[in-house]
Amino acid sequence: MTHDQQTVCRRRLRQLQTQLEPAGVDAFLLHTGPSLRYYCGFTGDSSYLVVRPGEAVFCTDGRYTTQAAGELPPEIEIRLLTPGNGLARQLAAFAPRRLGVEEQSLPVARSRQLQQEISGLEIVFCQQRITAPRQRKDAGELQEIRRAVAVAEEAYRAARPLLRPGISEREIALELEYQMKRRGAERTAFDLIVASGYRAALPHGLAADKPLAPGDPVTIDFGACCRGYHSDQTCTLFLGEPDREQRQVYEVLFQAQQTGMAAAQTGMAAKELDRTVREVINQAGYGEFFSHGTGHGVGLEIHEAPSISAASDQQLAAGMVFTVEPGCYFPHRWGIRLEDMVVLEEDGARRLTTLDKRLDQAIVD
Ligand code: CO
């Protein structure tokens, strides 16, 4: 880990420590990969960071001690977890009464075990407090996200010439994955979606053995994960001329996306952005076929805050990175989705993804 990255982690940790008192806890227990990477630079898993006033202690097992020593700022103490000296024992040494956790992914069994082994321990839900700072990306994070976008787009350009009738969705997905990894992605950002023809009506239709057929719309939802940061983008292509209805829906979705990206601004309620995008599709008469939210934050996780949906209570702020991805799905027939990533700046949203999604670019002949 570079000196700069260590400095960034120290600053984030100090900031998190100021949250101990307002949360009313003696310590935060961080265990998710994104949190560990964000707060101490660790890139492995199966480990814990105990954040207390004035110190942070890292607990891991024998598989990760060498790696942690190379990645963490040197002042963070590394303790070895062994079968006889597990997390509960290590934690008990601090005699915490109230422990703040990332409740959405801490296994219930683990939580119960901690309470059984540390008498009187109260588990406090602190996920929101721990993850909130990640919503607004700093310059270093934006650079990593741009790289994840570039790697995915280069892979897409390399794989696109394979699109023709007869090739299977799975082969397209494999080629995309191969091309991303060749370009330095540690993995794909999620299981790639290549859904053609009637399968394009499945918003999350994972690539299957179905061969592409002439006239098929093909939805390709893809992204790369580079140094922990994700990208996410969806193109819909047509193998041959789209019919009149497909053209119309495509243009409506394109317009909805443009409208959304132009409307996004700091201080806006996320649900208001969702409403703005949805309104374009409603006006065109296709509202009932847009069956999911408008977008989601992207960063160390592929889906993270803020959620851009009717249920969201979040406000947009500078530095947020999120998707704008309206889609329409006609069960058993076909579907179209267009997705871009933007970063919100003081004067509005700037597109991070760069592929040209105008309809004439989407026709493969
Ligand atoms: Co997405």
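Numbering of ligands and ligand atoms starts at 1, following listing order.
The cationic group of Arg147 does not satisfy the cation-pi geometry with Tyr229, failing either the under 6.0 Å distance to the six-membered ring centre or the 45° limit from the ring axis.
Annotation: Gln143, atom CD; neighbour count of heavy atoms from other residues, nucleotides and ligands within 6.0 Å does not exceed 12.
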Just distance, no hydrogens or angles: give the donor-acceptor pairs under 3.5 Å from side chains in residues 200-208, sequence neighbours left out.
none

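Using modelled atom types, one finds no donor on one side chain facing an acceptor on the other under 3.5 Å when comparing Gln255 with Glu251.
Take Glu153 and apply the side chain to side chain donor-acceptor pair (under 3.5 Å) test, not counting sequence neighbours, and it matches Gln233, Thr354. Not counting sequence neighbours, the partners of Ala27 by the side chain to side chain contact (heavy atoms under 4.5 Å, CB included) test are Val50, Arg52, Leu99.
The distance cut-off of 2.8 Å around the Co ion (ligand 1) captures these protein N, O or S atoms, sorted by chain and number: Asp232 OD2, His296 NE2, Glu325 OE2, Glu339 OE2.
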